[in-house]
Amino acid sequence: MASNNAQLAVIFQQMADVNQVTGGNRFKTIALEKGARVLKDFVKDVADVEPQDLLQVEGIGKGIAQKIEEFLRTGRVLEHQEMIDAVPAGVLKMLDIPGLGPKGVAQLWNDGGVESIDELKQKIEDCSLEGLKGFGKKKLEKLQQSIAFAEKAGERTNIGFALPLALAIIDVLKDLPGVQQIDYAGSLRRGKETIGDIDLLVGAKEKDAARIMDVFVGLEMVEEVLGHGATKSSIRSTDDFRNIQVDLRVVDPKHYGAALMYFTGSKEHNVKVRERALSMGYTLNEYALADKDDKTKQVETKTEQAIYRKLGLAHIAPELREDRGELALAEKDDLPDLIELKDIKADLHTHTTASDGRWSIEENALAYAARGYHTVAITDHSKGQVQANGLDDKRLVRHIEAVRKVAKKLEGKITVLAGSEVDILADGSLDYPDELLAELDVVVASPHAALSQESKKATRRLLDAIANPYVTMIGHPTGRLVLRREGLSPDMEALCKAAAGRGIALEINANHWRLDLRDTHARLALEHGVRLAINTDAHGPADPDQLPYGVLTARRAGATKNDVINCMTAAGLKKWLKSTRG
DNA sequence: GCCGTTTTCGGCCCGACTGTTTTCAGTCG
């Protein structure tokens with residue numbers, strides 16, 4: 001069951017959506033969205049907060065506080081239910097189509113009679129929307145493309161939604177009697193950025209399996225039971241958990257290693273491993289590595305390590321099991337010693353209330369100090385990000401002073417660096433003059449607008465940014481959003497070469513919507529000797545928790561801690577930052 | 001709906017881009 005905070009966040013977001021489409025006061029929309037965000041980030045359960053203290057929280061006023069109170073008392077918010085009853089769910093879904101906003105959705109619904117994305121597709125195809133005000137030929141073509149892109153993304157979901165669900169389920173199942181081992185397998189274990197369904201594996205004796213299955217299908221986050229058998233059950237999670245399919249398999253502990261290997265995949269990796277097994281006189285399936293001619297002679301079954309070892313291979317981390325040359329490296333015992341979460345000691349891309357963040361400089365820095373980091377860089381938006389309250393030149397000067405002041409105060413606790421996430425404008429120029437950039441310790445240059453630029457232009461644009469002598473790294477270089485926006489497609493090879501030449505870093509933005517660089521790009525960067533940065537782009541207290549997704553992406557790229565500037569010592573990082581300034 | 005008051009209602013962010021509406025509205029960031 002989702003927490004009160006999470007449920008209320010969904011409620012307020014839905015109210016904001018309905019308010020938009022029905023043409024309600026747009027500031028009410030903003031307030032509701034803010035309320036939803038605040039609740040999502042809120043560290044305490046609202047049920048444990050005194051009503052008068054709730055009102056002290058920024059973004060929560062009388063109206064929202066009242067609804068929270070109503071929800072805690074009755075389990076629902078009446079106004080919310082009335083609102084969602086007034087608008088078909090399919091209409092709200094259309095808000096997800098890039099390029100289509102509330103006005104367009106309302107127009108399509110009211111004057112075009114469109115009530116879902118499917119109907120929209122249909123009506124574009126049979127031209128029955130011709131003459132609809134605001135929807136000319138080009139606009140409709142663009143919408144068609146947006147829809148097609150979203151569809152190609154299919155039923156997959158971000159790792160940022162799948163991993164918390166998997167962990168929540170494991171947290172319940174792991175303590176059941178008879179559960180000896182439990183893991184998530186599949187693409188989730190391999191750390192892919194999107195997940196089709198979640199595969200859970202439990203090691204338990206046959207006599208305990210039925211009870212484990214019963215608990216699984218009866219979990220609070222279950223919306224629908226798709227199957228309920230002796231060794232395999234499937235469920236679909238509730239809306240709060242994104243309707244993700246979760247499969248649970250129970251295997252005898254003695255076969256756990258073989259099963260985990262089998263269900264972790266990838267399929268391509270498994271094929272290569274099985275081929276190798278065959279060539280060595282073995283056969284490999286989900287139960288065992290066995291003698292090829294007599295399958296009852298099981299050689300190894302219990303652990304992945306033992307199976308790999310028997311095949312003359314070093315243990316291959318799940319993130320590398322994509323048939324990208326990992327077997328050859330494992331054979332030579334030449335696999336990279338992959339970076340781990342605990343190696344990260346600095347975050348070099350974070351925001352504060354100076355632009356669009358939700359915490360002050362000091363709150364931000366103290367949170368990172370509490371995590372044991374030695375350094376954090378404050379990198380608020382530049383003036384081009386007007387919607388994000390980006391800082392103009394004068395405000396930046398004052399902001400730098402404010403950061404320096406906090407840095408001084410926290411000396412000895414954590415190093416606080418003054419930085420900026422400066423916009424790379426469409427023409428490749430930066431949003432601040434060089435004289436100003438020179439005042440900063442860290443310059444994260446990122447593209448935010450004009451993200452459908454053609455490839456050549458995008459390459460030129462990013463190369464120009466890399467060439468700027470004050471740039472420390474390129475932030476989320478393509479601007480893609482996982483399953484939502486394609487972003488720029490620059491010549492990554494050219495960018496990597498240029499970044500290597502300048503000795504600056506390319507960022508893996510760890511936010512699960514971005515993961516940009518993506519794994520393949522990061523791999524390319526490493527091949528060119530480019531240092532990576534893994535930053536969370538944190539805007540508030542919950543955001544540093546996005547870090548695992550960035551680290552998983554780096555691991556998939558084969559990165560070691562030596563490849564990532566966030567793993568350097570404080571002194572090493574200082575020296576490296578200096579080196580980027582020639 | 002939130003906030004901050006010159007306490008009880010007015011302000012709440014705005015520039016670039018795109019497509020289309022020939023003078024601007026919608027969307028994005």
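Naming convention: chains lettered A, B, ... in sequence-line order (proteins, then strands); numbering from 1 in each chain. These numbers come from the heavy atoms of this one structure, side chains and all, not from hydrogens, waters or symmetry mates.
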Test: [X] and [Y] ion pair at under 4.0 Å:
X        : Y        : answer
A:Arg76  : A:Glu70  : yes
A:Asp17  : A:Lys93  : no
A:Lys67  : A:Glu79  : yes
A:Asp519 : A:Arg523 : no

Torsion-based syn/anti label for B:dT7, 90° from 0 as limit
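Syn, angle within 90° of zero.
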Chi class for B:dT8: syn within 90° of 0, otherwise anti
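Here the answer is syn: the torsion falls within 90° of 0.
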What integer number of Å spans the [atom1] atoms of [N] and [M]?
N      : M      : atom1 : value
B:dG15 : B:dG10 : C1'   : 24 Å
B:dT8  : B:dG1  : C1'   : 16 Å
B:dA25 : B:dT20 : P     : 16 Å
B:dT6  : B:dC17 : P     : 39 Å
B:dG11 : B:dT5  : P     : 16 Å

Any side-chain heavy atom of A:Phe241 sitting closer than 4.5 Å to one from A:Glu223?
no
Would you call A:Leu430 and A:Tyr470 a side-chain contact if the rule is heavy atoms closer than 4.5 Å?
no
Rounded to the nearest Å, what distance is computed from the CD atom of residue A:Glu79 to the C1' atom of nucleotide B:dG1?
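So the CD-C1' distance, A:Glu79 to B:dG1, works out to 10 Å.
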Separation of A:Gln145 atom CD from B:dT18 atom P, in whole Å?
14 Å
N/O to N/O distances under 3.5 Å, protein versus nucleotides 23-27 of chain B:
from: B:dT27; atom 1: OP1; to: A:Gly101; atom 2: N; distance (Å): 2.5
from: B:dT27; atom 1: OP1; to: A:Gly101; atom 2: O; distance (Å): 3.0
from: B:dT27; atom 1: OP1; to: A:Gly104; atom 2: N; distance (Å): 2.9
from: B:dT27; atom 1: OP2; to: A:Lys103; atom 2: N; distance (Å): 3.1
from: B:dT27; atom 1: O5'; to: A:Gly101; atom 2: N; distance (Å): 3.3

For nucleotides 4-12 of chain B, give me every protein contact, N/O to N/O, under 3.5 Å, one pair per line with atom names.
none

If you check the A:Lys138 side chain, which of B:dT20, B:dC3, B:dG1 turns out closest?
B:dT20
Side chain of A:Val386 (C-beta onward), nearest among B:dT18, B:dC13, B:dG1:
B:dC13
Would you classify A:Gln385 as touching base, sugar-phosphate or nothing, given that sugar-phosphate means primed atoms plus P, OP1 and OP2, and contacts are heavy atoms under 4.0 Å?
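Sugar-phosphate contact only - A:Gln385 comes under 4.0 Å of backbone atoms but never of a base.
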With sequence neighbours left out, write down each residue that passes ring-ring contact (aromatic ring centres under 6.0 Å, His included) with A:His349, or none if nothing qualifies.
A:His351
I'd like to know if the side chain of A:His476 pairs up with that of A:Glu421 as donor and acceptor (distance under 3.5 Å, no hydrogens or angles considered).
yes
Would you say A:Arg484 and A:Asn158 are linked by a side-chain donor-acceptor pair, where the criterion is simply a distance under 3.5 Å?
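Absent: no donor and acceptor within the cut-off.
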By nearest nucleotide on DNA chain B, pick out whichever of A:Leu32 and A:Leu451 is the more 5' one.
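Checking each residue's closest nucleotide, the 5'-ward one belongs to A:Leu32.
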Point-to-point distance, once rounded to the nearest 0.5 Å, from CD of A:Glu193 to OG1 of A:Thr520:
8.0 Å
Counterpart residues, side chain to side chain donor-acceptor pair (under 3.5 Å), relative to A:Ser429 (two or more places apart):
A:Asp427
Restricting to side chain to side chain donor-acceptor pair (under 3.5 Å), what partner residues turn up for A:Asp347, sequence neighbours left out?
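If we apply the side chain to side chain donor-acceptor pair (under 3.5 Å) test to A:Asp347, skipping adjacent residues, the hits are A:Tyr368, A:Thr536.
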For DNA chain B, find the residues of residues 473-480 of chain A with a heavy-atom distance under 4.0 Å and give them by number; none if there aren't any.
none
